[in-house]
2 protein chains.
Amino acid sequence: MNAPTISHINCADCPIRHRAVCARCESDELAALDSIKYYRSYEAGQPIIWSGDQMNFVGSVVSGIATLTQTMEDGRTQMVGLLLPSDFVGRPGRDGAAYNVVATTDLVMCCFRKKPFEEMMVTTPHIAHRLLEMTLDELDAAREWMLVLGRKTAREKIASLLAIIARRDASLTPGGAVNEMTFDLPLTREAMADYLGLTLETVSRQMSALKKDGVIALEGKRRVTVPDMGNLLEEAGDDSDGGFLM
Amino acid sequence: MNAPTISHINCADCPIRHRAVCARCESDELAALDSIKYYRSYEAGQPIIWSGDQMNFVGSVVSGIATLTQTMEDGRTQMVGLLLPSDFVGRPGRDGAAYNVVATTDLVMCCFRKKPFEEMMVTTPHIAHRLLEMTLDELDAAREWMLVLGRKTAREKIASLLAIIARRDASLTPGGAVNEMTFDLPLTREAMADYLGLTLETVSRQMSALKKDGVIALEGKRRVTVPDMGNLLEEAGDDSDGGFLM
DNA sequence: GCCTCGGCTTGATCCATGTCAAAGTGCTAC
DNA sequence: GTAGCACTTTGACATGGATCAAGCCGAGGC
């Protein structure tokens with residue numbers, strides 16, 4: 001997970017990775033944000049926030065992966081979001097957390113205490129505006145995922161997830177859209193199942209099927225090569241598609 | 001659908017029904033909003049916006065029901081939102097619509113042309129702030145619905161939908177939470193199926209089953225009585241639950 | 001080198017829900 | 001009244017994915 005040294009990651013000099021908060025900020029606003037930020041590290045598997053907890057910060061992921069999940073009393077769980085580097089966590093204006101947030105790899109977050117952050121939102125319209133934009137993006141992504149959960153077959157679901165991760169990976173790697181792509185799956189089969197509303201057995205079977213049909217190739221369990229992205233998108237049953245960027 | 005006469009519905013004197021935009025606005029801001037608003041009527045079945053269309057207004061539902069849907073090329077469709085009176089439609093800062101919006105009953109909307117509305121957002125922080133809050137609510141609702149779509153059984157899905165509509169209805173009827181409730185289903189079985197990721201036959205069967213088991217009673221096809229809301233919530237497999245307010 | 005353990009794969013079987021088909025209900029137009 | 005139509009219910013059957021169960025693979029510990 002090539003964790004960057006923390007000194008390289010801050011609001012003033014990493015607007016791309018840190019686009020969640022900073023992309024549109026003016027430099028004096030950046031300095032103001034810098035003055036209230038701090039870093040936190042979590043180990044793989046460690047919970048970051050528990051649903052219903054008081055949440056006294058907002059922030060964005062610097063490195064590592066976290067998941068947002070909801071759980072029913074009987075243990076059925078559904079992942080409702082995947083947090084990759086640069087994604088934002090937090091609900092300005094809300095007290096409690098609505099989901100469980102768990103680090104699935106070692107993870108570093110750049111945090112802002114909630115109170116001062118909210119005060120800044122009032123004084124610097126750029127931040128509030130950017131936050132609205134981000135929330136609209138997440139809403140689009142969540143609704144796109146509703147189509148996946150409600151109407152797609154297991155095979156299409158897997159293909160959709162792979163496409164999202166591939167696209168997301170590509171956007172971090174400058175150079176843009178090539179036809180062939182290779183990336184590491186940041187999720188266990190069980191986590192994929194929780195994302196897709198399937199069982200881990202079905203995920204495993206469909207991965208095998210896609211491999212047999214040449215849609216993907218696997219090195220080990222986690223490293224995926226997609227020989228032809230167009231092919232994968234077709235399997236996913238969608239071409240338009242704005243992606244699931246959270 | 002007891003459509004109110006239009007003269008009774010405007011931003012200055014109906015803050016409750018119209019809470020989408022007005023709840024927190026100061027009176028001079030209300031006047032400003034009033035100056036750019038206009039009304040539009042749609043007939044049952046009429047599309048309001050087509051996915052991908054340019055969208056030159058935002059607004060909120062005054063009376064009637066509309067649905068947000070996504071459709072795959074082969075015709076599978078998933079409803080991603082249900083718009084009831086007071087709900088907001090629109091994506092300030094975005095050009096194209098992301099979903100199909102269709103009036104399922106005769107419908108009246110209170111609209112604001114997008115450009116002036118966006119200008120007002122810049123000058124009146126209350127509006128921008130309120131909009132962020134609403135978008136966060138919708139995001140929560142969408143994510144809650146992901147759990148329904150991904151992990152609940154057909155029976156639980158139906159119960160969840162009935163619970164949402166009942167709760168929503170109750171919040172419009174002052175008097176608050178009683179144990180017994182009666183309301184009209186604003187959706188056909190097919191629309192329910194599209195919301196729940198089921199077929200209309202399954203919806204019909206599960207409605208019959210819930211009726212046979214005394215969880216609900218039906219007068220005709222559409223009028224539903226819930227003798228015990230607690231019971232229904234238990235069937236839905238959830239008690240906490242913030243509802244699906246869109 | 002072998003053991004253990006977590007994650008993954010594969011097989012056999014079951015069942016919830018989809019699919020296809022027919023018939024029922026109630027409303028509107030004539 | 002009755003013909004037509006949209007919506008709904010119900011039945012019979014098919015099937016995708018869940019469940020239960022066994023075994024595989026690779027990494028780390030001793």
Side-chain angles (χ1 to χ4, degrees), chain A residues 43-45 65 67 72 74-78 104-105 148-162 184-213 216-224 235 237, chain B residues 43-45 65 67 72 74-78 102 104-106 148-162 184-213 216-224 235 237:
Chain A
E43 287 174 20
I65 313 270
T67 60
M72 294 172 64
D74 60 11
R76 282 177 280 178
T77 93
Q78 174 66 49
T104 57
T105 64
V148 173
L149 290 173
R151 291 302 187 192
K152 292 195 178 177
T153 65
R155 175 186 263 241
E156 289 170 333
K157 285 179 174 181
I158 301 279
S160 300
L161 177 56
L162 293 176
D184 279 315
L185 269 180
L187 301 172
T188 65
R189 300 291 186 253
E190 183 175 25
M192 292 173 69
D194 282 344
Y195 210 173
L196 297 167
L198 298 170
T199 58
L200 77 165
E201 292 97 328
T202 299
V203 170
S204 181
R205 276 186 246 275
Q206 297 295 340
M207 290 288 288
S208 301
L210 288 175
K211 179 180 169 188
K212 183 158 70 70
D213 298 347
I216 60 174
L218 292 171
E219 295 168 51
K221 315 290 185 189
R222 295 297 191 87
R223 191 151 193 80
V224 179
E235 289 285 350
Chain B
E43 287 174 19
I65 312 271
T67 60
M72 296 172 65
D74 61 10
R76 281 178 280 177
T77 93
Q78 175 67 50
V102 180
T104 58
T105 64
D106 289 350
V148 173
L149 291 173
R151 292 302 185 191
K152 291 195 179 178
T153 65
R155 175 185 263 244
E156 289 169 332
K157 285 179 174 181
I158 301 279
S160 299
L161 178 56
L162 293 176
D184 279 314
L185 268 180
L187 301 172
T188 65
R189 300 285 124 104
E190 184 176 25
M192 292 172 69
D194 282 344
Y195 210 173
L196 298 167
L198 298 171
T199 59
L200 64 123
E201 292 96 328
T202 299
V203 170
S204 182
R205 276 187 246 275
Q206 296 296 340
M207 290 287 289
S208 300
L210 288 174
K211 179 179 168 186
K212 182 158 70 71
D213 298 347
I216 60 174
L218 292 171
E219 296 167 49
K221 315 288 185 190
R222 296 296 190 86
R223 190 151 194 83
V224 178
E235 288 286 349

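Computed from heavy atoms alone, side chains included, the values below leave out hydrogens, waters and symmetry copies. Per chain, numbering begins at 1; letters A, B, ... match sequence-line order.
- Atom CG in B/Leu185 sits roughly 10 Å away from atom P in D/dT9 (whole-Å rounding).
- Atom-to-atom, CZ of A/Arg223 to P of C/dC8 comes out at 16 Å; the value is rounded to the nearest Å.
- Remark: P of D/dA18 and CG of A/Leu196 are 10 Å apart, rounded to the nearest angstrom.
- At whole-Å resolution of the value, NZ in B/Lys221 and C1' in D/dT10 are 11 Å apart.
- The shortest distance between the side-chain N/O atoms of A/Thr199 and the OP1/OP2 oxygens of D/dG17 is not below 4.0 Å.
- Across all strands shown, B/Arg155 has no heavy atoms under 4.0 Å from either base or sugar-phosphate atoms.
- Remark: B/Arg222 is in phosphate contact with D/dT8, judged by side-chain N or O atoms under 4.0 Å from OP1 or OP2.
- Side chains of B/Thr188 and B/Arg222 form a contact here, defined as non-hydrogen atoms less than 4.5 Å apart.
- For the pair A/Leu200 CG and D/dA18 P, the interatomic distance rounds to 10 Å; values are reported in whole Å.
- Nucleic acid contact for B/Gly197: sugar-phosphate only, since backbone atoms but no base atoms lie under 4.0 Å from a heavy atom of the residue.
- In terms of position on DNA chain D, the residue among A/Thr153 and B/Leu187 whose nearest nucleotide sits closer to the 5' end is B/Leu187.
- Rounded to whole Å, the distance from CG on B/Asp74 to P on C/dT19 is 11 Å.
- At a threshold of 4.0 angstrom between heavy atoms, the contacts of A/Leu198 are confined to the sugar-phosphate backbone, with no base atom among them.
- Non-hydrogen atoms lying under 4.0 Å from DNA chain C are contributed by A/Glu201, A/Ser204, A/Arg205, A/Ser208, all within residues 201-213 of chain A.
- In terms of heavy atoms, A/Gly220 sits closest to A/Leu218 at O-CB, 3.7 Å.
- To the nearest 0.5 angstrom, B/Asp184 atom CG is 11.5 Å from B/Thr105 atom OG1.
- Residues A/Met72 and B/Lys152 form a side-chain contact, since some pair of their non-hydrogen atoms from C-beta on lies under 4.5 Å apart.
- Taking atom CZ of residue A/Arg151 and atom P of nucleotide C/dT17, one finds them 13 Å apart after rounding to whole Å.
- Counting only distance, with no hydrogens or angles, the side chain of B/Ser160 and the backbone of B/Glu156 share a donor-acceptor pair below 3.5 Å.
- Rounding to the nearest 0.5 Å places CD of A/Gln78 at 8.5 Å from CG of B/Leu149.
- Smallest separation of non-hydrogen atoms from A/Thr153 and B/Arg76: N-NH1, 4.1 Å.
- What separates CG of A/Leu218 from P of D/dC24 is a distance of 20 Å, to the nearest Å.
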